[in-house]
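These notes concern the structure reproduced below.
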Amino acid sequence: MAAVDAFDRALVDGLLRPRPAQAADLTELADALAGTPLASGVAEAAEKAAAGAAGEDHYVALAAARTALLGSVHDALMDRVDEWTGRSRGEGAAPALAERPSANVLAAARSWLSDLARAGWRGIDHELVSGAAPVVSAMLPDPALRRLATLLDGFAAELAACCPGATLKRIPERRWADLWSRAILLTLPGAADVPVAGTATGRLLPLGVDLHEHGTAARAQVHAVFEPADGTAPRLVRAAVSVPKPDTVVGAGVWQLMRPHMALLSAVGEGRSMDIADMPITDEGDLVWHDEHARLGEPAEVFATARVALPTAHAAATAPLDRHPTAVAVPVFLEGYTVRNEDAVEFTAAGCPLAVDTDRIPSAGPLTADAVASSSACIGLLRWDAGAFVLQPLAVETTVRKKAVAIQAGAWAGGTTDKAGLKAEKAATDAAAVLRERAGRLLRK
């Protein structure tokens, strides 16, 4: 991490005319890769960058070095998690890089990102940042390039909001270096491809929903245990749906936008399993969801799944470019812990304290920080944040009016009778109706 921090410092003032301190930081990055297959390429790239003579290929090598170091941290963390959970993990395969007709627009993106590295975060201005706009416009019509286009568009918007860089009092070095490194590696043809490894047939037992919501987009990722029909060992899988949204649709209203695209959300809300047949799946355990390959199954209580099926499920490999400490998100089940709730909620299990990240609980469900603090059992995602493991709750067992109840963050995904949820859904319906009417008016013009 010290070597990663050194490279991130070097990017702050740019690599067009590096100072001695920046050259030393680049050397530290190269030294950290000594003895690895990347050693010679990174050493050359660091030397060229320290002299202010780096080309695009050198920046790609430096980004690869940084990504490899963070990947090693990710792997070390996952080794610890696997030891704690007693699970096994699959081996991943490297993506196959191949030339394709989109090579020109990828080269244009790589050129813009190289210009960013030369200018540094202190040197960004609106003219430099605006260079991403034509690249993004050229990428968006191609579904294969949309992942990179979205990243570049968001990155450029964030940089534009901070221009000019020379006036910034604080620079998010790690964040911007993360975005820059990932983007420049995704300009390698085929790097963003996620090949389908085969199909899955069997029973899907949902554990919980991780909801990501931004001003203009939302994504629901369902974590589940998959029991293959052929009787082989169960495995952890994910299925996700992403939708664009107007910024006026918030809270439980986002489920309205997602339900038409994924029947699995209804199964989560109703506490049901799903039977899937020939559902495409990647090496990383991501189901490429198609509703026609799935049907609702029998009732499946999430805490029964967590107690019985989760301990025996093995995890999939992590894609090479996704090996990053912030990508750690491992489903775990805890019970028999004590709760400390002062400045923040903290569980203590087997004498080990674990911070609980209640800020990640979405407002689009009935789960609250108070319910977590009064819980006796919890299903959550084990994450790594700011140098420590934290738990993101997905569902808890607690006592309400002397009755044991289960409360899920995604309980409203398939619909709700809860007053707060119904209010948010109605507001979203009204907002969507107004937007449709306005869009129709514009189209008529």
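A side-chain donor from one of Thr398 and Ser374 sits under 3.5 Å from a side-chain acceptor of the other. Checked by atom type, the side-chain pair Thr232/Asp230 shows a donor-acceptor distance below 3.5 Å.
Checked by atom type and distance alone, the side chain of Arg182 pairs as donor or acceptor with a backbone atom of Leu321 at under 3.5 Å. In terms of modelled atom types and a separation under 3.5 Å, the side chain of Arg238 and the main chain of Glu284 share a donor-acceptor contact. Judged purely by atom type and a 3.5 angstrom limit, Arg360 has no side-chain atom pairing as donor or acceptor with the backbone of Gln392. In this structure, the side chain of His223 does not engage the main chain of Val209 through any donor-acceptor pair within 3.5 Å. Checked by atom type and distance alone, the side chain of Trp121 never pairs as donor or acceptor with a backbone atom of Gly165 at under 3.5 Å. With Ser137 contributing its side chain and Ala133 its backbone, the two residues share a donor-acceptor pair below 3.5 Å. Remark: side-chain polar atoms of Trp112 are paired, donor with acceptor, to backbone N or O of Leu128 under 3.5 angstrom. Side-chain atoms of Trp412 do not come within 3.5 Å of backbone N or O of Trp255 as any donor-acceptor pair. Of the possible polar contacts, one joining the Thr201 side chain to the Asp278 backbone as a donor-acceptor pair under 3.5 Å is found. A side-chain donor-acceptor contact under 3.5 Å links Arg122 to the backbone of Leu168.
Contact record, Ala373 with Val345: CB-CG2, 4.3 Å, taken as the closest heavy-atom pair. For the residue pair Ile361 and Ala369, the shortest heavy atom distance occurs at CD1-N, 4.1 Å.
Using a 4.5 Å heavy-atom threshold, the side chains of Leu207 and Phe333 count as separate. Residues Trp84 and Cys352 are not in side-chain contact: their nearest non-hydrogen atoms beyond the backbone lie 4.5 Å or more apart. Between Leu70 and Arg323, every side-chain heavy-atom pair lies at or beyond the 4.5 Å cut-off. Taking 4.5 Å as the limit, some side-chain heavy atom of Pro206 sits within range of a side-chain heavy atom of Leu264. Leu145 has its side chain within reach of Leu106: a pair of non-hydrogen atoms, C-beta onward, lies under 4.5 Å apart. Residues Arg203 and Val225 form no side-chain contact, since every pair of their non-hydrogen atoms from C-beta on lies 4.5 Å or further apart.
Salt bridge present: Arg66 and Asp8 bring a charged side-chain N and a carboxylate O closer than 4.0 Å. Salt-bridge check for Asp210 with Arg383: passed, with a basic side-chain N closer than 4.0 Å to an acidic carboxylate O. Note on Asp115 versus Arg118: salt bridge recorded, some NZ/NE/NH1/NH2 to OD/OE distance being below 4.0 Å.
For Asp57, the CG atom is loosely surrounded, since the number of other residues' heavy atoms within 6.0 Å does not exceed 12. More than 12 heavy atoms of other residues, nucleotides or ligands shown are found within 6.0 angstrom of CZ on Arg307. More than 12 heavy atoms of other residues, nucleotides or ligands lie within 6.0 Å of CD in Glu292, so this atom counts as buried by the packing criterion.
Using a 30° and 60° split on the angle between ring planes, Trp180 and Phe7 fall in the tilted class, from 30° to 60°.
Of the inter-residue distances, the one linking Arg259 atom CZ with Ser266 atom OG reads 7.0 Å to the nearest 0.5 angstrom. Here Leu354 contributes atom CG and Tyr337 contributes atom OH; the two are 10.5 Å apart, rounded to the nearest 0.5 Å. In this structure, OG1 in Thr282 is found 8.0 Å from CG in Leu287, a value given to the nearest 0.5 Å. To the nearest 0.5 angstrom, Arg295 atom CZ is 9.0 Å from Met274 atom CE. In this structure, NZ on Lys245 lies 9.0 Å from CE on Met258, to the nearest 0.5 angstrom. Atom OG1 in Thr199 sits 9.0 Å away from atom CD1 in Ile276 (nearest 0.5 Å).
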- Under the side-chain contact (heavy atoms from CB on, under 4.5 Å) rule, what do Arg87 and Val330 come out as? Steps first, then yes or no, please. CA-CA 11 Å; Arg87 296 185 196 135; Val330 182; 3.3 Å; yes
- Message: As a quick check of understanding, evaluate side-chain contact (heavy atoms from CB on, under 4.5 Å) for Trp176 and Leu116, giving each step before the final call.
- Response: CA-CA 11 Å; Trp176 285 357; Leu116 278 184; over 6 Å; no
